Engineer: 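First the structure, which I've put down as structure tokens, then a few questions once you've had a look.
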Amino acid sequence: IGNQSSVYDPELKEPRTDGSYIYEEFIDVENAEDIKVYTVGSTYTHAETRKSPVIDGLVRRNTDGKEIRFITRLSEEELTWARKICEGFGQRVCGFDVLRPKGSERSMVIDVNGWSFVKGNESYYDRVSEILAELCFKVSVSPTRRTIAQEPPLFAPTPNGPSLIVHPPGDTTPTTTPAPESGAGSGSWMLKANVTVFRHADRTPKQKLKYTFPVNEPWTQPFIRLLNGEQEEIFLRERSQLNLIADAIEEAKEIISTRGTHEHAVSNGTGPSTSAVDDLAKLSQLKSALEKKIDLPGTKAQLKPTYKRVKGSLVKGVTDSGKVIVQDNAIPGVLEGDAILGSNLRKDISILNKEMLNNVQIFTSSERRVVASAEIFAAALLDNTAPRNTSYATSSNPLPIPGTPIRSSRSSEAGSVMSERPIIPTYKLIVRKDLLDDSNAAKDLMDDVKKRLKTLLRNGESERRPELTWPKNMNAEPAVVVQEVIQLLGNFRTIMGRNYKTLDIDRIQERWCCGDDPFLFRERWEKIFDDFCETKQEKFDPSRVSELYDALKFSALHHRTFLFAIFNEHTEKPSQNDRKLHELYARAKALFDLVAPQEYGIEPSEKEEIGVLTSLPLMRKIVADLEAVRNSGGSGLTVYFTKESHIHTLVNLVLQSGLPIANPKIPELDYSSHITFELYERSGGHNKTDKEYSIRLAISEGAHSSNVLDSALDARHALNVKPRRQALLSPLPGPLVIEKLSKHFHRADKNEDEESIEAIDVPLGHSSDSSRA
């Protein structure tokens with residue numbers, strides 16, 4: 001159907017028994033390629049490779065709608081098979097399919113077709129016309145007019161491939177013409193540049209654990225010492241710094257135990273006071289959470305002093321209390337999809353234009369979870385490849401930014417090899433805060449938009465605004481749905497509280513991933529309950545819908561057993577068939593689809609302006625990347641990793657550019673969603689020296705499922721990333737697309753200074769596996 005040749009069925013784990021089926025062994029082939037062979041006569045062959053659809057079930061096509069293929073040469077054995085197939089099937093013009101299994105010296109013929117011709121390759125038809133012309137000439141001058149079946153072979157195999165044997169009248173000396181060169185057929189489009197912007201893959205909800213303590217208690221002094229006299233908040237990010245928090249917690253617990261025992265012994269001598277028991281419990285929970293998160297990128301602790309108010313003003317130096325805040329932002333386990341993305345893109349590029357892998361640049365924002373996505377992607381993309389800006393270094397030989405000279409580790413000045421340790425190939429990620437980090441440029445406008453999001457919940461608003469998304473099967477108006485969500489959450493809050501008291505919580509789900517546990521689960525959901533249930537509906541903040549929707553998806557993917565059990569009213573038989581959670585999810589998704597895209601502008605003019613203020617520098621860089629490849633005549637792959645705000649605002653810039661967008665209804669841009677700009681080239685004119693360019697835009701909704709509560713899960717607890725199915729823009733002439741995308745470039749100074757560029761080393765090869773743990 002269309003470009004979809006097959007669809008993976010995760011539920012099909014046993015042979016079907018409802019009919020007659022033939023099952024074949026799956027064969028893993030070299031370069032994920034099939035070979036299509038076409039014959040004309042028993043000795044002339046034309047062979048092309050194509051990306052095997054078994055990779056993702058998709059057929060790769062060029063801008064003319066034809067499947068993308070590349071000419072290849074056959075081995076002597078494969079040429080012999082071609083002759084035998086023609087003779088054995090009695091079919092002089094035919095085609096057959098060949099596989100080259102990995103690790104095997106012999107190829108396999110898996111299918112023989114009938115009357116088959118090559119599509120879109122002029123050199124093939126030039127050769128065929130020579131064969132037919134020669135055949136007709138020989139027959140026409142033959143006195144006996146022998147039939148075609150009596151004719152000698154017109155082609156014979158040579159060490160360099162099949163060559164034509166021409167026999168003019170009276171001449172028995174053969175002449176040859178060279179076999180066709182490898183590459184795309186003349187006049188066909190070739191992919192020259194791919195520029196893709198990814199949203200990071202970490203769907204972990206941000207979570208803060210706050211613990212407020214009085215500063216006049218002896219047991220709080222370990223935390224006071226960590227402030228080291230500072231009167232402002234401090235942040236601790238490195239593992240060694242976070243260990244200081246853990247040590248302070250242990251010291252505080254020791255002081256509490258001693259103090260509590262002494263105080264209570266004075267009163268009745270039986271044990272710790274109630275307040276001491278509460279303090280110990282809170283500190284134990286804080287340390288447990290810290291221990292689970294301490295090695296995860298993005299985990300940080302914040303120590304924040306607060307001050308007494310004296311006559312209406314805060315007086316520094318008069319400390320009232322302090323806060324320990326532990327926050328985590330990233331979970332490496334959910335980033336494995338980036339490795340799959342990188343590996344699949346490498347396979348595709350290797351087939352479409354492997355030269356692109358010699359010119360790879362990967363940019364990332366400075367946010368840790370974005371960097372983690374970029375690192376895993378880069379290690380998978382560049383595995384077993386050697387792009388120009390890949391370098392080799394030891395820890396004592398730092399790498400320069402791509403494009404700067406690299407000093408050899410065996411320099412004569414050094415006099416000897418710098419290190420005997422294995423040298424690991426390393427790729428440099430380029431950190432571009434100016435392109436990919438959040439800025440305050442659009443803050444005022446977005447704050448104004450946020451205040452007006454409530455208007456989207458008014459009765460009839462989705463009908464008045466056709467661009468808004470509201471499901472047809474949702475009979476209630478958005479305002480009514482908000483009330484239903486609040487009621488459902490209120491019920492779940494009661495059920496969860498009761499179940500935490502009556503159930504053996506630790507036995508509901510034996511294995512927890514992502515550094516989570518029942519305590520953190522409860523903390524996360526209690527905050528959601530507070531945001532929804534403790535607020536009057538007229539003061540409800542629609543932007544909170546995103547937090548509810550993300551929490552539901554995260555819990556359904558990583559803690560589904562616990563989610564259904566803890567929110568189940570009938571504790572004796574927890575089941576996914578309980579539809580209350582499904583009702584909540586359906587309403588949360590409907591509200592999310594209505595509200596979330598509008599956070600970056602409700603009116604088209606707002607979407608455009610926020611897009612300019614947020615993502616114009618990135619758009620300028622994308623256009624520059626495309627133009628650089630076009631002007632150089634080379635090939636290139638450029639990848640950017642950023643966060644949700646830049647993906648939405650970049651897409652809005654494209655939608656407002658004036659280009660004829662195929663479908664302006666953008667799908668949900670989930671984690672790992674991406675937008676791709678592809679530059680194609682073909683040769684034309686006299687001697688094929690004139691170059692023509694076209695640009696195509698496509699978008700993927702990322703790692704998404706329309707019903708995550710019932711989606712099949714594997715050990716990774718991850719959703720597969722959707723392929724780029726939605727074409728934002730069918731191929732159009734390159735200059736036209738560049739002109740439209742450059743609509744607002746006059747608003748930015750091309751000579752403005754870039755921020756200092758940072759770089760991050762990413763180990764390649766098999767060493768990258770450790771980053772995926």
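Fair warning: this is a prediction, and the values are worked out from it, not measured in the lab. Positions are given from 1, in the same order as the sequence printed here.
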Engineer: Between the main-chain N or O of Q656 and the side-chain N or O of K743, is there a donor-acceptor pair closer than 3.5 Å?
Structural biologist: yes
Engineer: Are E644 and R199 close enough for a salt bridge, meaning some N to O gap below 4.0 Å?
Structural biologist: yes
Engineer: Between K354 and E33, does at least one N-O distance fall below 4.0 Å, as a salt bridge requires?
Structural biologist: no
Engineer: Between D434 and P617, is any pair of side-chain heavy atoms under 4.5 Å apart?
Structural biologist: no
Engineer: Can you find a side-chain donor-acceptor pair between K691 and S683 that sits under 3.5 Å?
Structural biologist: yes
Engineer: Side chain of R620, backbone of F745: donor and acceptor closer than 3.5 Å?
Structural biologist: no
Engineer: Check for a donor-acceptor pair, side chain of T642 on one end and backbone N or O of L436 on the other, with a separation under 3.5 Å.
Structural biologist: yes
Engineer: Any donor-acceptor pair under 3.5 Å linking the side chain of S350 with the backbone of R346?
Structural biologist: yes
Engineer: Quick one: are W470 and L591 in side-chain contact, heavy atoms under 4.5 Å?
Structural biologist: yes
Engineer: Taking the inter-plane angle between the rings of F198 and F377 on a 0 to 90° scale, is it parallel (under 30°), tilted (30 to 60°) or perpendicular (over 60°)?
Structural biologist: tilted
Engineer: Do you know the tightest heavy-atom contact between F592 and V545?
Structural biologist: N-CG1, 3.4 Å
Engineer: Angle between ring planes, Y600 versus H648, binned at 30° and 60°: parallel, tilted or perpendicular?
Structural biologist: parallel
Engineer: Determine yes or no for a side-chain-to-main-chain donor-acceptor pair under 3.5 angstrom, with D670 supplying the side chain and G702 the backbone.
Structural biologist: no
Engineer: Once rounded to the nearest 0.5 Å, what's the spacing between atom CG of L191 and atom CD of E678?
Structural biologist: 5.5 Å
Engineer: Answer with yes or no whether the side chains of K621 and Y640 bring together a donor and an acceptor at under 3.5 Å.
Structural biologist: yes
Engineer: Is the backbone of V629 close enough, under 3.5 Å, to the side chain of S632 for a donor and an acceptor to pair up by distance?
Structural biologist: yes
Engineer: Is the shortest heavy-atom distance from the side chain of L679 to the side chain of Y693 under 4.5 Å?
Structural biologist: yes
Engineer: Determine yes or no for a side-chain-to-main-chain donor-acceptor pair under 3.5 angstrom, with S373 supplying the side chain and A201 the backbone.
Structural biologist: yes
Engineer: Any side-chain heavy atom of P597 within less than 4.5 Å of one from I666?
Structural biologist: no
